[in-house]
Every structure is written in C-alpha cells, then in structure tokens.
Amino acid sequence: MHDVAQHAAQRIGVVGGGTMGVGIVYVFAMAGFEVFLVEPDAGSTKRALATLRETATGAVSRGKMTVAAAEANLARVMTLDSTDGLPEALDLVIETVPEKRALKEKVLGQIAGRTPKLIASNTSAMSIDELARAVRDPETFLGMHFFNPVWSLKLVEVIRGAQTDEASVSEACAFAEAIGKSSAVVTDTPGFATSRLDLVQALEAIRMVETGVARAEDIDRAITTAYRHPVGPLRLSDMVGLDVRLDIARQLAGILGAHFEPPQLLQDMVARGELGQKSGKGFYDWPLPETNSKTG
C-alpha cells in the first residue's frame, strides 16, 4: 500500500456508513490516515466494520499487505454515532449519505459546525453550488465523487463549485493522490462528466432489454469484450442500485432533456423492489448479503 508515515498527522471524517462510505474509509485508513466514521445506525456500523476487516483480510491473502499492517490500519478507524462527536478542524470531512437533497443539506450543515478545513460531498449528480448553501464557507466546499468499489477504481472526480477556491481544489486532488488515485477536475454541471456518460449508456442498455434487442448478459458481454469496459452497464446498474439509477435519471431528465428519461422497465423494476445487488434481484440474481458473507 502507501507510505503511512506521511499521513499519520492527518485526520479525516466520513459521514455515512453505506457502501460508498465504507470504501472511502478503507482507502484512507489503508493510506495511513486517522479516520472517523459517523453512522447513527448501530447495525450499519457493525456491517461497516465487518466489511473493512473482510476487505483487509482479502488484501493480506493477496500479498498486498502484512497482517500487522492490516491491523494497524484498521486500528486507525474510529466510529461515532453523530456528527457532534467529530473532532473540530479535521483536515477533510466527506459526506456520503443517500442522494436526498434535504438529508445532504442537513448533514453538510452539521459537518460545517465542526469547522473542518475542507468539506466534500460524494454526490454523483447533485449540484455542488446548491449544496454549498448548507455550509458556512463555500470556498472550502466541493465534490469528491468516488466510484464503487472504492478500493479498486482509481478515479476521484473533483467537482469545483462557483465559489470553491483554487486551494481547495488543489487540496482535494492531493488527497486523491495520497490514497493512490487519479483526479479529474470538472465544473459543477448536472451529472458532472462521469455520471452523464455512465447514465446515458446504462439507460440505452435498459431500453435495449426492454425492446428485446438482447438479453442483459449479452449486452454486457458486448460492452466488456468489444470496448474493454471492466463491467457491463446492466451489471453495474445492479451494483449501483436501480433505485439510485432511477433517481439520477429523473433529476437529469428535468434539466438536460428527454434522453435521460428513465425507461418504463427501470421504473417497473424499482416499483417491484428489484433494486439490484442490494435486494437480491435486478437484471441479474444476486445472493443477499446475509447469506453471502459475514458482513451481514
């Protein structure tokens, strides 16, 4: 992994212990940062810690780190049930709660009350300028969009708001580099760069299934084989969550136009509770977490 000594004095916070939050905690802890994870739900906290340990164990088995290093890195993670417990003046706090505007604004306001040096939202589509209204110092607020699985995918999309200062952008890029990732800086436009490109492909793939052009497996195989994408758009949609796909499609359709309108098939699947990997069924069948691993 990375040299932990240079980051020993740096402390960050992550608010939200879901899939993305856990991944972000992992990469920072493994890079030597002291990390405070805020998750109010005790069950989610337990699952997050189990996932961190399981992922570190996998890294040890692949020779990526020693058992001692894994234990030392895991020991850098502290859990809290409220943002009130976050130490003041952390180097960075990343908000990674569900894509609901009111929730994000509430959480960002609470984070701002702890006066961190830099605040980032992990939003994949919401306007950074609009979210900036919830913080005291919009100059030190921006987007840091990570990708799932965080420990494998090497990009952090850094989103500059209209009021974000250049020092904050540079600092966010430096954090990305410190955890072994590359950064792509984009301006605050709906869907940024990656979400727009990803969603257009995913929605078109869903329309192809809907109209009988091909099966999900064959569409994904065509993309991964012909274009060398690591995962096809339909399998990735299951991994992201079809409800998340639907929410983002609706947001972007209202701003960018009809080519982001969600297909009826996507709407119907979400209405039936077929949300992808997290529900056990989407375009593919998935083992449910409680039967799949000890992360439960």
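Residue indices begin at 1 and follow the sequence shown.
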Asker: So Y284 and W286, would you call those rings parallel, tilted or perpendicular, with 30° and 60° as cut-offs?
Answerer: perpendicular

Asker: Under a 4.0 Å N-O cut-off, is there an ion pair linking K181 with E157?
Answerer: no

Asker: Would K117 and D91 pass as an ion pair if we require N to O under 4.0 Å?
Answerer: yes

Asker: Quick one: closest heavy-atom pair of G180 and K154, and the distance?
Answerer: O-CD, 3.8 Å

Asker: So, are R133 and E105 salt-bridged, with charged N and O less than 4.0 Å apart?
Answerer: no

Asker: Do S279 and E274 have side-chain atoms, one donor and one acceptor, less than 3.5 Å apart?
Answerer: no

Asker: Determine the sole option in V185, V186, L142 for which the side-chain contact (heavy atoms from CB on, under 4.5 Å) test with I159 is passed.
Answerer: V186

Asker: Can you give me the closest heavy-atom contact between E39 and T45, atom names plus distance?
Answerer: O-OG1, 3.3 Å

Asker: For a 4.5 angstrom cut-off between non-hydrogen side-chain atoms, does I223 reach Q201?
Answerer: yes

Asker: Of the non-hydrogen atoms in I179 and A31, which two are nearest, and what is the gap between them?
Answerer: CG2-CB, 3.9 Å

Asker: Of all heavy-atom pairs between I248 and S124, which one has the smallest distance, and what is that distance?
Answerer: CD1-OG, 3.3 Å

Asker: Would you name the heavy atoms of L242 and D238 that are closest together and state the gap between them?
Answerer: CD2-OD1, 3.8 Å

Asker: Evaluate salt bridge (charged side-chain N to carboxylate O under 4.0 Å, His left out) for E217 paired with R235, printing each intermediate quantity in order.
Answerer: CA-CA 8 Å; E217 295 88 342; R235 183 173 290 277; over 6 Å; no

